[in-house]
Enquirer: 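Supplied in structure tokens, the structure appears directly below.
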Amino acid sequence: MLFARKALVTASIAMSAVVGALATASPASASISPGSYGVEDCDAQCVVLYFNTGYGGSHTVIHSDTPTGGEGIRDLAGYTFQSGGAGQGQSLKNNAASAKARVWGIDASVTVYFNSGYAGPCDKFHHTEYPSAWQLSNTYNENASVYFRNVPINQGCVNFG
């Protein structure tokens, strides 16, 4: 009987550790693609951030690695515009002026946020397969994080798509 009680306590502690680890797990990271290809060439959900208004200048592709969404880049600091053109080598953070996206499914979206950590004013791309923003609204040259979702959510963003 004492052995069974000890085993039960040990199992309970192990389960608490697993639950704690799951509760603190952060979303998976999306990835930066160094290619200079466009949104039409994305084989997954993606957003292309452009240095200039009207899809001009250098650009970088950020894509979702999982079809279920729920991932992003919490802080764009350290990432740069990668293709040729004006802005090449400049930080992605607080320098994007326009964007194009590719989203799959009616509830799928990609959101660009003003602040790091998926917070603050935002621009959301959804509803059509290729939503775009000639000029970003809430995050024009003030973009700090990007998040992909496959569930509907009302965030008070400016909606493109």
Side-chain angles (χ1 to χ4, degrees), residues 21-105 107-161:
L22 289 174
T24 60
S26 61
S29 287
S31 61
I32 297 286
S33 192
S36 60
Y37 58 89
V39 70
E40 298 82 11
D41 300 317
C42 289
D43 58 359
Q45 294 189 120
C46 70
V47 63
V48 182
L49 298 177
Y50 292 86
F51 187 75
N52 291 332
T53 298
Y55 323 115
S58 184
H59 65 274
T60 294
V61 180
I62 302 171
H63 60 91
S64 172
D65 291 330
T66 61
T68 57
E71 65 183 355
I73 298 177
R74 293 186 61 81
D75 190 349
L76 292 172
Y79 296 98
T80 60
F81 285 96
Q82 298 177 347
S83 72
Q88 183 178 19
Q90 295 291 315
S91 176
L92 277 180
K93 186 172 184 174
N94 300 330
N95 281 314
S98 59
K100 290 182 180 181
R102 181 164 192 192
V103 293
W104 293 352
D107 293 331
S109 66
V110 59
T111 306
V112 178
Y113 291 93
F114 189 91
N115 296 324
S116 297
Y118 320 122
C122 51
D123 291 319
K124 182 177 178 181
F125 298 86
H126 64 117
H127 288 309
T128 63
E129 187 175 3
Y130 295 107
S132 60
W134 177 262
Q135 180 173 306
L136 292 166
S137 182
N138 284 336
T139 62
Y140 176 80
N141 287 336
E142 294 291 343
N143 53 290
S145 56
V146 173
Y147 197 78
F148 293 87
R149 287 184 180 79
N150 279 348
V151 295
I153 185 169
N154 183 1
Q155 301 164 278
C157 301
V158 170
N159 292 307
F160 294 96

Enquirer: Which heavy atom in Ala77 sits nearest to a heavy atom in Ser91, and how many Å separate them?
Expert: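 Smallest heavy-atom distance, with atoms named: CA-OG, 4.5 Å.
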Enquirer: Anything under 30° is parallel, anything over 60° is perpendicular, the rest tilted; go ahead and classify Phe81 against Phe51.
Expert: perpendicular
Enquirer: Supply the atom-to-atom distance Ser58 OG to Gln88 CD, rounded to the nearest 0.5 angstrom.
Expert: 5.0 Å
Enquirer: Measuring from Ile62:CD1 to Ser145:OG, what's the distance to the nearest 0.5 Å?
Expert: 9.5 Å
Enquirer: Do you know which two heavy atoms are closest between Asn138 and Cys122, and how far apart they sit?
Expert: ND2-O, 3.0 Å
Enquirer: If a pair satisfies salt bridge (Lys or Arg N to Asp or Glu O under 4.0 Å) and one of its residues is in residues 75-87, list it, with sequence neighbours excluded.
Expert: Asp75-Lys93
Enquirer: The test is side chain to side chain contact (heavy atoms under 4.5 Å, CB included); show your working for Gln45 and Asn150 and say whether it passes.
Expert: CA-CA 10 Å; Gln45 294 189 120; Asn150 279 348; 3.2 Å; yes
Enquirer: In Å, rounded to the nearest 0.5 Å, how long is the span from CG of Asn143 to CG of Asn115?
Expert: 11.0 Å
Enquirer: Which heavy atom of Ser83 sits nearest a heavy atom of Gly57, and at what distance?
Expert: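 Of all heavy-atom pairs spanning Ser83 and Gly57, the closest is OG-O, 4.4 Å.
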Enquirer: Suppose we screen for side chain to side chain donor-acceptor pair (under 3.5 Å). Which residues come up paired with Thr111, at least two apart in sequence or across chains?
Expert: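 Partners of Thr111 under the side chain to side chain donor-acceptor pair (under 3.5 Å) test: Gln155.
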Enquirer: On a heavy-atom basis, which atom in Ala99 and which in Leu136 lie closest, and how many Å separate them?
Expert: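 That closest heavy-atom pairing would be CB-CD2, 4.0 Å.
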Enquirer: Checking Asn154 side chain against Gly156 main chain: does a donor-acceptor pair fall under 3.5 Å?
Expert: yes
Enquirer: Where do Val151 and Asp107 land on the side chain to side chain contact (heavy atoms under 4.5 Å, CB included) test, with the steps shown first?
Expert: CA-CA 5 Å; Val151 295; Asp107 293 331; 5.5 Å; no
Enquirer: Do the side chains of Lys124 and Phe160 get nearer than 4.5 Å, heavy atoms only?
Expert: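 No. Closest side-chain heavy atoms not under 4.5 Å.
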Enquirer: Would you check if Ser64 and Val110 make a side-chain contact, meaning some heavy-atom pair closer than 4.5 Å?
Expert: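 No, every pair of side-chain atoms sits at 4.5 Å or beyond.
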Enquirer: Might you work through the side chain to side chain contact (heavy atoms under 4.5 Å, CB included) test for Tyr113 and Thr139, ending with a clear yes or no?
Expert: CA-CA 6 Å; Tyr113 291 93; Thr139 62; 5.6 Å; no
Enquirer: Taking side chain to side chain contact (heavy atoms under 4.5 Å, CB included) as the test, write out the residues that go with Asn52, two or more places apart.
Expert: Ala86
Enquirer: Let's go through Leu49 and Thr60 carefully: what are the C-alpha distance in whole Å and the side-chain angles of both, what is the deciding distance for side chain to side chain contact (heavy atoms under 4.5 Å, CB included) to 0.1 Å, and is it a yes or a no?
Expert: CA-CA 6 Å; Leu49 298 177; Thr60 294; 5.7 Å; no
Enquirer: Give me the atom names and distance for the closest heavy-atom approach of His59 to Tyr50.
Expert: CB-CD2, 3.5 Å
Enquirer: In Å, rounded to the nearest 0.5 Å, how long is the span from OG of Ser98 to CG of Asp123?
Expert: 11.0 Å
Enquirer: Could you report the tightest heavy-atom contact between Arg102 and Cys42, atom names first, then the distance?
Expert: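 The pair with the smallest heavy-atom distance is NH1-O, 2.7 Å.
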Enquirer: Does Tyr140 reach the side chain of Thr53, with side-chain heavy atoms less than 4.5 Å apart?
Expert: yes
Enquirer: Looking at Ser132 and Lys100, would you say the former's side chain and the latter's main chain have a donor-acceptor pair under 3.5 Å?
Expert: no
Enquirer: Within a strict 4.5 Å, meaning less than it, do heavy atoms of the Phe125 and Val112 side chains meet?
Expert: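 Yes; the side chains approach each other to less than 4.5 Å.
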Enquirer: In Å, rounded to the nearest 0.5 Å, how long is the span from OG of Ser109 to CG of Asn159?
Expert: 9.0 Å
